[in-house]
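Accompanying notes for the structure given below.
Below, each value reflects all heavy atoms present in this structure, side chains not excepted, and no hydrogens, waters or symmetry copies.
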Amino acid sequence: MAAELTAHQLIEQHRPTLDQALEAIRTRAYWSPHPEHPKAYGENGSLDAAAGKAAFDALLGSRLDLGQPGTDDWVGGETSPYGIELGVTYPHADVDTLLPAMRAGQRAWRDAGAEMRAVVCLEILKQISDRTHEFAHAVMHTSGQAFMMAFQAGGPHAQDRGLEAVAYAYVEQVRTPDDAEWTKPQGKRDPLALTKRFTPVPRGIALVIGCNTFPTWNGYPGLFASLATGNAVLVKPHPRAVLPLALTVQVAREVLAEAGFDPNLVALAAERAGEGIAKTLATRPEIRIIDYTGSTAFGDWLEANARQAQVYTEKAGVNTVLVESTDNYKGMLSNLAFSLSLYSGQMCTTPQNLLIPRDGIRTEEGPRSYDEVVADLAKSVGGLLGDDARANGLLGAIVNPDVKARLESAAGLGEVALASREIANPEFPDAVVRTPVIVKLDGAKPDDQAAFMNECFGPVSFAVAVDSAADAVALLRRTISSKGAMTVGAYTTSEEVEEAVQEACLEECAQLSLNLTGGVYVNQTAAFSDFHGSGGNPAANAALCDGAFVANRFRVVEVRREA
């Protein structure tokens with residue numbers, strides 16, 4: 001890395017990428033500057049597969065000294081869902097020392113302007129991208145994602161979401177000009193004339209509360225949105241997934257210093273076992289922005305109690321797919337099977353409830369009864385995961401004991417259409433790998449409703465029998481409004497049903513995917529084009545990424561002078 005990064009160098013190198021990102025969010029077309037294929041790395045300073053694995057291995061058992069002020073202890077304790085002890089220790093902060101140090105650098109960062117902040121953020125992302133192989137192993141061994149998913153979702157896709165946030169932040173900040181000449185005619189008298197200067201001013205210190213399953217993908221939007229709008233950022237990782245975000249903080253601090261800014265603009269808040277510092281940090285007066293991904297209970301607590309901060313939450317929902325009819329039955333089953341299986345259902349976008357008319361559905365192959373549809377879906381999932389090597393590459397590992405317990409208890413909620421099975425991972429014998437369970441429930445029975453109307457995070461899906469398509473739409477609407485949904489899917493060849501589903505999603509504010517039968521799945525979203533969440537139902541109060549996600553992270557302060 002260069003000893004110093006000048007403003008000219010950074011703008012010359014990264015302005016073209018920023019401009020491409022601005023064009024991408026305008027057109028919503030496909031674009032990414034971050035390669036998805038592992039073989040694309042190894043040149044121009046980036047680590048190839050062997051170097052990335054070696055860099056990760058060198059971290060094991062080490063102390064990650066970030067050089068931040070106020071360190072009063074060293075903490076750690078992460079165990080990979082694949083069964084290995086990471087043994088990395090991190091600085092534990094005395095926040096009464098760290099927070100004032102973080103605020104000290106904000107004036108120079110504010111005065112640098114929107115463009116400079118953006119290109120510094122892009123340099124951080126570029127240096128993270130160069131280490132994608134290393135980060136992939138860190139994500140894999142903290143989240144339980146299979147390597148290829150950890151590589152893509154934890155690497156280029158996360159970096160895309162960070163860049164997307166920077167682009168939106170830049171747009172909102174330059175919407176108002178830096179300077180303006182204001183003249184008001186006064187008839188025969190001299191006109192009134194003022195010069196006006198407008199400055200985007202950060203709210204203060206932003207707190208990013210990381211999640212266990214997608215530490216970088218869910219962490220980067222808030223981190224880069226706040227940093228690009230002038231705020232210092234304190235990163236509080238999930239205690240089971242510290243390493244990917246600690247490495248991110250390390251890179252950010254190094255780049256900030258190289259660019260002539262205070263590295264304490266980004267810092268890490270790791271915690272001792274059982275310390276639970278998130279509530280303490282979230283209510284500190286210095287914390288003015290909070291980004292959180294995780295359980296509904298703690299998200300609701302943040303929204304109710306962190307009153308001094310602007311709080312952005314992605315919580316939990318009950319994602320629903322309505323199956324009414326299809327003209328590609330095999331494609332529908334294949335698409336659903338993949339969606340239910342990917343990362344063992346441990347995604348906030350994974351479908352949980354499949355609403356199927358009890359009288360069956362229409363297909364191009366003729367009618368299929370409810371029982372046949374469920375049996376065929378179970379067969380499709382079984383076929384997808386029948387080979388253990390393929391299953392390990394798709395399922396990854398169960399991230400924590402709570403998910404395993406929910407999976408095991410789900411079988412007692414109704415008739416099991418597809419039983420979960422245990423899969424051995426030869427490379428990691430201690431990994432807990434399980435295939436999904438599908439349980440048949442009746443949408444008209446109160447006891448069954450109590451089961452499927454609550455989120456069951458993990459590889460658990462409910463095939464819910466409903467009386468009709470109209471009843472399915474009504475249940476979908478009720479689910480979104482009361483429980484929220486990050487994603488909604490529907491399969492129908494009926495224009496009337498399609499219109500009803502679309503109207504329900506528009507009115508209840510949920511993102512909808514219709515008739516997916518190919519290589520795009522309901523639980524996947526593309527940066528620069530797709531919105532992740534809507535911010536308009538109980539599953540999340542923010543969307544990744546739109547103008548609302550960034551615009552309230554700063555205010556515009558005006559200084560007027562007589563001309």
Side-chain angles (χ1 to χ4, degrees), residues 34 36-38 41 49 52-53 56-57 59-60 78-84 86 88 128-129 131-162 210-221 237-248 293-294 314 338-350 384-385 388-404 407 423-428 430-436 457-460 486 521 523-527 532:
H34 303 114
E36 286 184 312
H37 200 287
Y41 297 81
K53 178 63 163 59
F56 170 76
D57 289 341
L59 291 168
L60 301 179
E78 292 157 291
T79 298
S80 168
Y82 290 95
I84 65 173
L86 300 191
V88 185
I128 290 172
S129 178
R131 296 167 62 179
T132 291
H133 274 282
E134 178 186 359
F135 272 75
H137 288 284
V139 170
M140 173 183 176
H141 285 289
T142 50
S143 71
Q145 295 175 29
F147 176 77
M148 185 53 77
M149 184 174 187
F151 182 92
Q152 293 185 338
H157 296 172
Q159 295 152 21
D160 283 348
R161 283 295 184 188
C211 71
N212 194 174
T213 48
F214 288 89
T216 55
W217 198 100
N218 280 113
Y220 283 6
H238 191 285
R240 292 194 187 100
V242 183
L243 184 57
L245 290 178
L247 293 175
T248 301
T293 301
E314 182 196 309
F338 189 93
S339 297
L340 300 182
S341 303
L342 183 62
Y343 184 33
S344 300
Q346 298 170 126
M347 304 172 68
C348 64
T349 50
T350 300
L384 177 68
L385 304 176
D388 284 3
R390 177 181 171 87
N392 273 306
L394 187 59
L395 294 169
I398 297 297
V399 69
N400 62 53
D402 292 339
V403 175
K404 181 172 178 284
L407 170 62
I423 294 179
N425 186 317
E427 186 178 0
F428 301 104
D430 293 328
V432 178
V433 184
R434 298 287 189 276
T435 62
F457 183 76
V460 178
M486 295 299 294
Y521 305 95
N523 42 351
Q524 297 174 320
T525 59
H532 175 75

With heavy-atom distances below 4.5 Å as the criterion, would you say the side chains of [X] and [Y] are in contact?
X	Y	answer
P38	M148	yes
P426	D388	no
E314	M486	yes
L342	L394	yes
F457	D402	no
T248	F135	yes
V88	V242	no
L59	D57	no

Practice problem: Check for a donor-acceptor pair, side chain of T142 on one end and backbone N or O of A241 on the other, with a separation under 3.5 Å. | Solution: no
Quiz item: Has the side chain of R161 got a donor or acceptor atom that lies under 3.5 Å from a matching backbone atom of N218?
Solution: no
Quiz item: Taking the six-membered ring for Trp, are H137 and Y82 ring centroids under 6.0 Å apart?
Solution: no
Quiz item: Of all residues at least two apart in sequence or in a different chain, which pass the ring-ring contact (aromatic ring centres under 6.0 Å, His included) check with F338?
Solution: Y521
Self-check item: Mutual orientation of the aromatic rings belonging to Y41 and F151 [parallel < 30°, tilted 30-60°, perpendicular > 60°]
Solution: perpendicular
Distance-minimising heavy-atom pair for [X] and [Y]:
X	Y	result
T216	P244	CG2-CB, 3.9 Å
P436	L340	CG-O, 3.9 Å
Q159	Y220	N-CD2, 4.1 Å
P459	V403	CD-CG1, 3.9 Å
A397	A431	CB-CB, 4.4 Å
G52	H133	CA-CB, 3.8 Å

Quiz item: Among Q145, H37, H157, which residue meets the side-chain contact (heavy atoms from CB on, under 4.5 Å) test with Q152?
Solution: H157
Exercise. Tell me, please, which residues at least two apart from R240 pass salt bridge (Lys or Arg N to Asp or Glu O under 4.0 Å).
Key: none
Self-check item: Atom pair OG (S339) and CE (M347), whose distance is rounded to the nearest 0.5 Å
Solution: 9.0 Å
Exercise. Drop me the distance from H238's NE2 to T213's OG1, to the nearest 0.5 angstrom.
Key: 8.5 Å
